[in-house]
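Okay, structure first, notes after.
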Amino acid sequence: MLLGHVVKQNKAWIVSHGTDVLSNALTHRFEKRVERRKNHEPIAYIIGHKEFYGRPFIVNRNSLIPRPESELFIEMLKKHLDPNETFQCWDVGTGSGAIAITTALEFPKSNVLATDSCKRALAVAEKNVKTYKLSKRITTQPANLLDTPTVTRLQRSNKPLIITANLPYVPQELYGASPEKPETQALPFEPKNALVSEDDGLFHIKKLLE
């Protein structure tokens with residue numbers, strides 16, 4: 001993946017050109033990315049995008065990297081809703097906007113409000129919204145859970161409301177890399193405010209439900 005990113009080719013091309021020789025400039029660029037990976041920086045941040053539900057999304061260190069498990073949000077929506085269903089979706093803590101955008105793409109008659117308390121993360125979501133040409137159906141808005149501007153905007157819609165919320169859920173004591181748990185090595189690279197929640201990881205979820 002790192003080599004493909006450097007030479008701007010896919011995996012199949014890399015495999016079929018195994019005897020090609022890289023230029024010094026490309027070798028240097030590749031080695032710099034390998035060094036970053038050796039320090040456990042997530043590949044998504046190194047190459048600048050992550051695939052979600054079969055589509056690439058821009059990511060950087062201002063946004064959480066979309067997890068494959070989060071695709072279950074979309075699977076659940078498709079299980080319970082008709083593809084031509086008309087509804088208003090509110091994606092809380094949208095981050096890169098992967099869930100909001102995928103919802104809009106899989107349900108072409110839906111409208112989506114994507115909110116996040118972090119303006120830098122919201123800027124990443126806005127780039128992805130523009131990439132998929134969904135600015136007319138997805139509205140991005142800075143918001144901390146269910147604050148007044150969000151309530152006002154949602155009340156304007158007369159459509160059924162669907163809420164998707166992938167909120168911070170990691171307890172403070174579990175945040176950080178652990179040699180015993182390789183899956184935690186990426187955590188320090190990701191925005192702490194998108195991962196860590198007080199009250200044993202349940203603070204944000206409880207606050208939203210209240």
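Numbering of residues begins at 1 and proceeds along the displayed sequence. Note that the structure is a prediction, hence the values are computed from the model and not measured.
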*Could you give me the CA-CA distance, side-chain angles and deciding distance for E106 and K78, then say whether salt bridge (Lys or Arg N to Asp or Glu O under 4.0 Å) is met?*
CA-CA 8 Å; E106 295 296 319; K78 294 178 78 170; 3.2 Å; yes
*Stepwise, does the side chain to side chain contact (heavy atoms under 4.5 Å, CB included) test hold for T103 with L77?*
CA-CA 8 Å; T103 298; L77 289 176; 3.8 Å; yes
*Would you please test S110 and R137 for side chain to side chain contact (heavy atoms under 4.5 Å, CB included) and show each step?*
CA-CA 7 Å; S110 66; R137 291 178 45 220; 3.4 Å; yes
_Set out, in order, the CA-CA distance, both residues' side-chain angles and the distance that settles side chain to side chain contact (heavy atoms under 4.5 Å, CB included) for F57 and H49, then state yes or no._
CA-CA 5 Å; F57 287 87; H49 63 83; over 6 Å; no
*Let me see the working for E190 and R67 under salt bridge (Lys or Arg N to Asp or Glu O under 4.0 Å), right down to the final yes or no.*
CA-CA 12 Å; E190 298 186 88; R67 269 47 173 186; 2.7 Å; yes
*Under the side chain to side chain contact (heavy atoms under 4.5 Å, CB included) criterion, do S157 and N111 qualify, and how do the steps go?*
CA-CA 9 Å; S157 174; N111 289 96; over 6 Å; no
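Taking CG from L167 and NZ from K207, the interatomic distance works out to 11.0 Å, rounded to the nearest 0.5 Å. Separating the CD1 atom in I162 from the SG atom in C89 is a distance of 7.5 Å, to the nearest 0.5 Å. Between L134 atom CG and T140 atom OG1 the span is 12.0 Å, to the nearest 0.5 Å. Rounding to the nearest 0.5 angstrom, the gap separating the CD1 atom in I58 from the NZ atom in K130 is 10.5 Å. The distance from the CZ atom of R37 to the CD atom of E41 is 9.0 Å, given to the nearest 0.5 Å. A distance of 7.0 Å separates CG of N144 from NE2 of H204, quoted to the nearest 0.5 Å.
Using a distance-only test at 3.5 Å, with no hydrogens or angles considered, no donor-acceptor pair links the side chain of S117 to the main chain of A143. Looking at T150, its side chain never comes within 3.5 Å of a backbone N or O of L146 through a donor-acceptor pair. Looking only at distances, a side-chain donor or acceptor of E85 sits under 3.5 Å from a matching main-chain atom of D82. A distance-only check finds no donor-acceptor pair linking the side chain of T102 to the backbone of I99 [under 3.5 Å]. The backbone N or O of L202 lies less than 3.5 Å from no partner atom in the side chain of D199, so there is not a single donor-acceptor pair.
Of all heavy-atom pairs between A125 and G95, the closest is CB-O, 3.3 Å. Residue S96 comes nearest to V59 through the heavy atom pair CB-CG1, 4.2 Å, listed as atom of the first residue, atom of the second, then distance. The heavy-atom pair separating W90 from L208 by the smallest distance is CH2-CD1, 3.8 Å. Between R61 and F189, the shortest heavy-atom distance links the atoms NE-O, 3.3 Å. L122 and P142 make their closest contact through CD2-N, 3.3 Å (heavy atoms, listed as atom of the first residue, atom of the second, distance). Between L26 and V7 the shortest heavy-atom distance is CD1-CG1, 4.2 Å.
L113 is not listed as a side-chain neighbour of D91, based on a closest heavy-atom distance of 4.5 Å or more. Inter-residue side-chain proximity for N128 and V124 is flagged as met; some heavy-atom pair is nearer than 4.5 Å. Within the 4.5 Å cutoff, side-chain heavy atoms of D200 are placed close to those of P171. Considering only heavy atoms from C-beta on, S135 comes within 4.5 Å of V129 through its side chain. You'll find the side chain of V112 stays beyond 4.5 Å of the side chain of T139, heavy atoms only.
Within 6.0 Å of atom OH in Y169, 12 or fewer heavy atoms from other residues, nucleotides or ligands are found, so the atom counts as exposed in its surroundings. In E198, the CD atom is not crowded: 12 or fewer heavy atoms of neighbouring residues, nucleotides or ligands sit closer than 6.0 Å.
In the hydrophobic cluster analysis, where Ile, Leu, Val, Met, Phe, Trp and Tyr join through side-chain heavy atoms closer than 4.5 angstrom, V6 is grouped apart from V15. Linking ILVMFWY side-chain heavy atoms closer than 4.5 Å, directly or via other members, places I47 and W13 in a single hydrophobic cluster. When the side chains of ILVMFWY residues are joined at heavy-atom separations under 4.5 Å, either directly or via intervening members, F73 and I138 end up in a single hydrophobic cluster. Transitive grouping of hydrophobic side chains (ILVMFWY, heavy atoms separated by less than 4.5 Å) keeps L161 and L81 in distinct clusters. Connection of F87 to M76 is not established within any shared hydrophobic cluster, with ILVMFWY side chains joined at heavy-atom distances below 4.5 Å, either directly or through further cluster members.
Using modelled atom types and a 3.5 Å distance limit, the side chains of D116 and T94 yield no donor-acceptor pair. No hydrogens or angles considered: nothing links the side chains of T27 and N24 as a donor-acceptor pair under 3.5 Å. Between the side chains of Q141 and T115, no donor N or O sits under 3.5 Å from an acceptor N or O.
Considering H5, K32, R36, M1 in turn, R36 is the only one that fulfils the side chain to side chain contact (heavy atoms under 4.5 Å, CB included) rule with I46. The one candidate from Y132, F52, Y53 that meets the side chain to side chain contact (heavy atoms under 4.5 Å, CB included) condition with I101 is Y132.
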